[in-house]
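So the structure is just underneath, and the comments pick up after that.
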Amino acid sequence: MKIVVLKFGGTSVGSFKRIRIISKIIISYIKKKYAVVVVSSAMSGETNKLIKKSKEICNNFDKSEYDVLLSAGEQIACALISGNLIRLGYKSRSFMGWQVPILTDTNHGNSKINYIQKNNLIKFLKSGGTPIVAGFQGVNNKFKITTLGRGASDYTAIMIAKYLKAQKCIIYTDVEGVMTTDPKVYKNAKKIKIISYEEMLEMSSLGSKVMQSNSVQDARLNRINFDVRSSFKSTVGTSVTKRKNIKNNKVITGISLTKNDAKVTIVGVKDKPGIAASIFEPFSRNNINIDMVVQNISANRHDTDITFTLKQDDLNKTLKLLKLNKKITYRKILIDKNVSKVSIIGVGMITTPGVTYRMFKSLSRKNINILVISTSEIKISVLIKSINVKKAVSALHKEFKLDK
Ligand code: ADP
Ligand code: ASP
Ligand code: MG
């Protein structure tokens with residue numbers, strides 16, 4: 001049995017018309033004698049609507065019921081796809097996470113998959129059926145429904161490909177593939193034909209939501225090649241694979257950007273061992289993700305300033321925790337709510353000197369002030385005012401010849 005996993009994102013199943021179109025894609029694989037496992041997201045906008053509903057009840061909606069609520073969107077999409085395939089004369093049925101089952105840990109809202117039982121799916125495939133599996137959800141050892149984090153239908157697809165030893169895993173979405181940058185931000189973005197796991201992982205964790213980052217990490221660890229392509233156009237997409245398979249002469253592969261970041265500076269904290277740990281300990285306990293961190297050199301050897309960035313959604317909670325923190329003293333807190341991180345990513349920078357300079361220089365030519373910098377082997381990130389993001393992306397795209 002040659003198995004293919006086809007994942008469809010929200011816009012790909014966003015209307016009845018779209019469901020009819022993706023049914024044709026599914027059938028084309030069945031006709032090529034593939035045993036097809038479909039993984040579907042909720043129809044676009046549905047998960048957001050469900051989140052809004054929970055907020056109408058209260059802001060700290062029960063975590064376990066939140067997962068029951070949020071997982072509902074995928075149930076609808078799967079039933080519609082399956083119902084349409086049955087209408088067209090194909091054997092199909094929907095599988096919710098608990099029916100597969102997809103077994104997860106108990107971390108509601110952001111669970112990890114521990115194991116996928118493949119027997120039910122395999123039996124159904126062998127009987128000639130096409131299972132339509134709900135992405136983004138699983139069940140924990142207390143028989144409770146869990147969800148796997150925003151955008152995690154990608155993760156479900158990769159993990160199903162892993163446990164079923166699929167020959168192919170294809171992520172169908174609303175863009176041609178992985179592009180050099182978000183085409184919604186820069187219209188000259190170009191499709192990347194082939195990209196390494198490492199670069200894809202950096203791109204998705206630095207804000208390119210075309211792939212959810214956990215899914216890329218698992219694909220990398222398990223050496224699962226996958227393709228990202230459009231369900232709207234029949235063009236060839238992007239193939240994500242190991243570095244060895246790629247011959248690339250570009251210094252930079254892609255540019256990622258974040259939206260909705262915030263920057264906090266604590267002015268005048270004591271410059272002594274343990275202070276940074278005391279500041280960040282309550283954030284970690286409350287699952288607040290801190291991103292970039294800079295500590296200035298102390299001018300007077302007594303006190304210093306610490307700057308960090310985080311998601312805007314976490315800002316209020318973070319400020320409350322800072323104010324409650326009795327272990328630190330400071331003069332004041334400065335906040336900037338309108339900042340974004342722009343990153344250039346590429347394995348090519350390992351062997352090419354001067355990339356940092358070229359990045360900074362092209363931003364300075366556009367008069368863009370850099371607020372914070374962070375680097376790793378294959379990426380350079382800068383924090384800038386959100387208002388400058390389009391300008392920055394366009395300048396960098398040209399500087400590193402990604403338009404060609
Ligand atoms: P789906 O619903 O199919 O999972 P998503 O909305 O999660 O789709 O991801 C696709 C979107 O990701 C695109 O519409 C695009 O705006 C955005 N995106 C951000 N960065 C990139 C990139 N580098 N390449 C392609 N798309 C990107
Ligand atoms: N429906 C979920 C979300 O909107 C999962 C996904 O789309 O992958 O986050
Ligand atoms: Mg997605």
Separation of [Y] [atom2] from [X] [atom1] (nearest 0.5 Å):
| X | Y | atom1 | atom2 | answer |
| --- | --- | --- | --- | --- |
| Lys52 | Asn48 | NZ | CG | 10.0 Å |
| Ile266 | Leu334 | CD1 | CG | 10.0 Å |
| Lys187 | His397 | NZ | NE2 | 11.5 Å |
| Ile380 | Ile252 | CD1 | CD1 | 6.5 Å |
| Ser256 | Leu206 | OG | CG | 5.5 Å |
| Ile170 | Ile25 | CD1 | CD1 | 9.5 Å |

Row check, [Y] ring normal vs [X] NZ/CZ: under 6.0 Å, within 45°:
| X | Y | answer |
| --- | --- | --- |
| Lys2 | Tyr34 | yes |
| Arg223 | Tyr197 | no |
| Arg93 | Phe95 | yes |

[atom1]/[X]: more than 12 non-hydrogen atoms of other groups inside 6.0 Å:
| X | atom1 | answer |
| --- | --- | --- |
| Lys168 | NZ | no |
| Lys33 | NZ | no |
| Ile86 | CD1 | yes |
| Gln75 | CD | no |

task = Report the C-alpha separation of Tyr172 and Phe232 in whole Å, then their side-chain angles, then the decisive distance to 0.1 Å, and conclude whether the ring-ring contact (aromatic ring centres under 6.0 Å, His included) test is met.
result = CA-CA 9 Å; Tyr172 278 95; Phe232 289 70; over 10 Å; no

Shortest non-hydrogen separation from [X] to [Y] and the atoms involved:
| X | Y | answer |
| --- | --- | --- |
| Thr146 | Ser111 | CB-OG, 3.3 Å |
| Thr104 | Gly138 | CG2-CA, 3.8 Å |
| Ile26 | Val38 | CD1-CG2, 3.7 Å |
| Leu363 | Ala392 | CD2-CB, 3.6 Å |
| Lys311 | Thr258 | NZ-CB, 4.0 Å |

query = Where do Ser213 and Ser205 land on the side-chain hydrogen bond (donor to acceptor under 3.5 Å, both in side chains) test, with the steps shown first?
reply = CA-CA 5 Å; Ser213 48; Ser205 47; 5.3 Å; no

Audit row: Arg229, Thr235, side-chain hydrogen bond (donor to acceptor under 3.5 Å, both in side chains) steps and yes/no = CA-CA 7 Å; Arg229 60 182 293 179; Thr235 45; over 6 Å; no

Do the side chains of [X] and [Y] get close enough for a salt bridge, i.e. N-O under 4.0 angstrom?
| X | Y | value |
| --- | --- | --- |
| Lys398 | Asp403 | no |
| Glu176 | Lys233 | yes |
| Asp303 | Arg331 | yes |
| Lys49 | Glu46 | yes |
| Asp67 | Lys144 | no |

message = For a salt bridge (Lys or Arg N to Asp or Glu O under 4.0 Å) check, start with the C-alpha distance between Asp291 and Lys341, then their side-chain angles and the critical distance, and finish with the verdict.
response = CA-CA 10 Å; Asp291 185 13; Lys341 187 168 67 169; 2.6 Å; yes

Taking the side chain from [X] and the backbone from [Y], do they hold a donor-acceptor pair closer than 3.5 Å?
| X | Y | answer |
| --- | --- | --- |
| Asn388 | Lys391 | no |
| Arg358 | Glu399 | yes |
| Thr238 | Ile192 | yes |
| Thr156 | Phe136 | yes |
| Ser92 | Thr130 | yes |
| Ser196 | Glu199 | yes |
| Tyr155 | Ile113 | yes |

key: Check against ring-ring contact (aromatic ring centres under 6.0 Å, His included), Tyr357 and Phe360   = CA-CA 5 Å; Tyr357 165 74; Phe360 295 170; 8.6 Å; no

ask   = Pick one: which of Thr307, Asp305, Asn296 meets side chain to side chain donor-acceptor pair (under 3.5 Å) with Thr265?
value = Thr307

query = For the side chain to side chain donor-acceptor pair (under 3.5 Å) test, which of Asn369, Asn338, Asp336 pairs with Lys385?
reply = Asp336

message = Quick one about Asp271 and Thr304 (side-chain donor to acceptor, distance below 3.5 Å, no hydrogens or angles considered), yes or no?
response =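 Per modelled atom types, Thr304 and Asp271 side chains form no pair under 3.5 Å.
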
key: Minimum side-chain heavy-atom gap Met43-Leu80 below 4.5 Å   = yes

message = Between Asp261 and Thr309, does the side-chain hydrogen bond (donor to acceptor under 3.5 Å, both in side chains) criterion hold? Intermediate values first, please.
response = CA-CA 7 Å; Asp261 283 355; Thr309 66; 5.4 Å; no

